[in-house]
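In listed order, ligands and their atoms are each counted from 1.
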Amino acid sequence: MNSSILATYRSSKLSFSRGKGSYLITKNGKKYLDFASGIAVNSLGHCNPDLVKVLNKQAKKLWHLSNAFKITEQEELAKKLVKLSFADKVFFCNSGAESIEAAIKIARAYHQIKRKKNKFKIITIKGSFHGRTLAAISASGQKKLVEGFKPLLEGFFQVNFGDHKSFEKAIDSKTAAIMVEPILGEGGVKVIPNVCLEGLRKLCDKKKILLIFDEVQCGIGRTGKFFSYQWSKIKPDILSTAKGIGGGFPIGACLVSNKVAEGMKFGSHGSTFGGNPLACSVANKVVEIISKKTFLDDLNKKSIFFINELEKIKNNYTNLISEIRGSGFMIGIKSKISNSIFIEKFVNNGLLVIGASENVIRILPPLNVTKKDLNIALKKIEKTCGEINNKL
Ligand SMILES: *Cc1c(COP(=O)(O)O)cnc(C)c1O
């Protein structure tokens with residue numbers, strides 16, 4: 001059938017009418033185990049009863065309020081995020097790309113307004129993904145993202161993953177910041193080692209530039225710490241997050257230190273919908289649940305078990321899988337055959353996962369997934385490998 005949707009997405013025949021916990025269910029009642037989680041968004045599964053409850057409660061009280069007024073749910077969420085991180089201030093928006101836009105503007109304003117220096121350049125990693133706005137695609141620089149949309153925004157420069165020397169070389173008197181995903185998501189679930197994050201921090205301090213972390217995908221418990229950078233000894237100056245924080249309700253946030261926040265003044269940035277009562281009441285519940293030590297301890301136990309089992313499957317099928325990557329429940333299977341063939345076979349066996357660059361299959365279970373469902377997924381993964389292997 002001819003679709004009225006702009007052709008920016010691959011058309012899929014698969015559609016769902018319901019979701020429950022780790023499962024998506026079709027109109028005909030067929031169940032799929034959802035380990036894509038709306039790309040790391042449904043962090044507490046589908047229709048989580050606690051979230052449904054707060055959403056319904058808030059829906060009867062107040063949906064939207066302009067930021068011209070004090071939004072108590074937003075104040076509460078900001079307090080929580082500040083307590084859980086390096087940050088002193090938070091700006092709320094509606095998506096990952098917007099949280100990146102905010103980060104870029106805040107970094108520039110810190111230099112241009114607070115320090116009265118004409119610095120604007122931002123150094124990023126080749127193959128990274130920061131969203132689809134013009135600034136975000138300019139930051140990434142990836143050919144497949146920028147083609148057809150030139151001219152790009154000025155002032156972005158990409159260096160190779162793992163090439164610390166190139167970062168240093170790329171910094172000049174106009175450089176404002178370095179921006180990286182602590183774990184490249186779309187880029188192939190590539191983890192930046194802690195020593196490298198620490199090296200970037202040192203470099204930024206030495207050059208008096210800012211360090212921005214894009215935790216849109218890897219933040220909010222995804223890797224087993226509330227923020228992924230918390231596995232390392234260092235802190236960023238600015239952090240963008242979004243995907244998992246609303247558990248499916250659209251909301252993004254940009255977190256900043258007091259030092260950096262001083263570049264932003266009344267009227268210098270804003271959002272109509274950003275941080276509205278509906279989004280913030282849901283996000284407050286998500287953050288309350290995920291930030292609990294018991295929740296994260298349990299997540300880490302489950303993810304270590306799951307990754308160990310995946311390693312065993314890899315060892316049985318070294319002809320199909322070359323590597324298991326990632327941290328917590330942000331996992332990549334590096335495939336030796338086409339990842340899209342692998343993904344299609346997983347879907348046929350009732351397991352939803354998604355692709356990433358470098359022929360990687362991304363596995364992003366809900367963070368509250370049960371051990372039982374992890375075992376079901378492992379059986380499906382093993383079965384799929386067996387089926388592909390028999391046909392080779
Ligand atoms: C998804 C993603 C974005 C963009 O988020 P949107 O909500 O799609 O705008 C930015 N950075 C990273 C690391 C992402 O994974």
Is there a polar contact, in the sense of an N or O pair closer than 3.5 Å, between [X] and ligand 1?
X      : result
Gln217 : yes
Ile100 : no
Gly131 : no
Phe129 : yes

Open item on the list: If the cut-off is 4.0 Å to any non-hydrogen atom of Glu181, which atoms of ligand 1 fall inside it?
Closed with: 13 (C)

Task: Which of the ligand 1 atoms, numbered from 1, are nearer than 4.0 Å to a heavy atom of Ser95 - done: 7 (O), 9 (O)

Does a donor on one side chain sit under 3.5 Å from an acceptor on the other, for [X] and [Y]?
X      : Y      : answer
Tyr23  : Asp373 : yes
Glu309 : Asn375 : no
Ser166 : His164 : no

TODO: Compute both the distance and the angle, then confirm whether Lys27 meets the cation-pi test with Phe16: under 6.0 Å from the six-membered ring centre, within 45 degrees of the axis.
DONE: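 So Lys27 doesn't make the cation-pi contact.
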
Task: Rounded distance [0.5 Å steps], CE in Met264 versus CD1 in Ile106 - done: 5.0 Å

How far is [atom] from the closest protein heavy atom, and which atom is that?
atom                    : value
atom 9 (O) of ligand 1  : Ala97 N, 2.7 Å
atom 11 (N) of ligand 1 : Asp214 OD2, 2.7 Å
atom 2 (C) of ligand 1  : Lys243 NZ, 2.5 Å
atom 5 (O) of ligand 1  : Gly96 CA, 3.2 Å

TODO: Examine Phe86 and Ile212 and state if one hydrophobic cluster contains both, with Ile, Leu, Val, Met, Phe, Trp and Tyr joined whenever side-chain heavy atoms are less than 4.5 Å apart.
DONE: no

- [ ] Check whether any protein heavy atom sits under 4.0 Å from atom 15 (O) of ligand 1.
- [x]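 True for atom 15 (O) of ligand 1.
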
TODO: Establish, yes or no, whether a centroid distance under 6.0 Å links the rings of His269 and Phe91.
DONE: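 Yes, the ring of His269 comes within the 6.0 Å limit of the ring of Phe91, centre to centre.
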
- [ ] Please work out whether the ring planes of Phe329 and Phe306 are parallel, tilted or perpendicular, with thresholds of 30° and 60°.
- [x]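 Perpendicular, since the angle between the ring planes exceeds 60°.
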
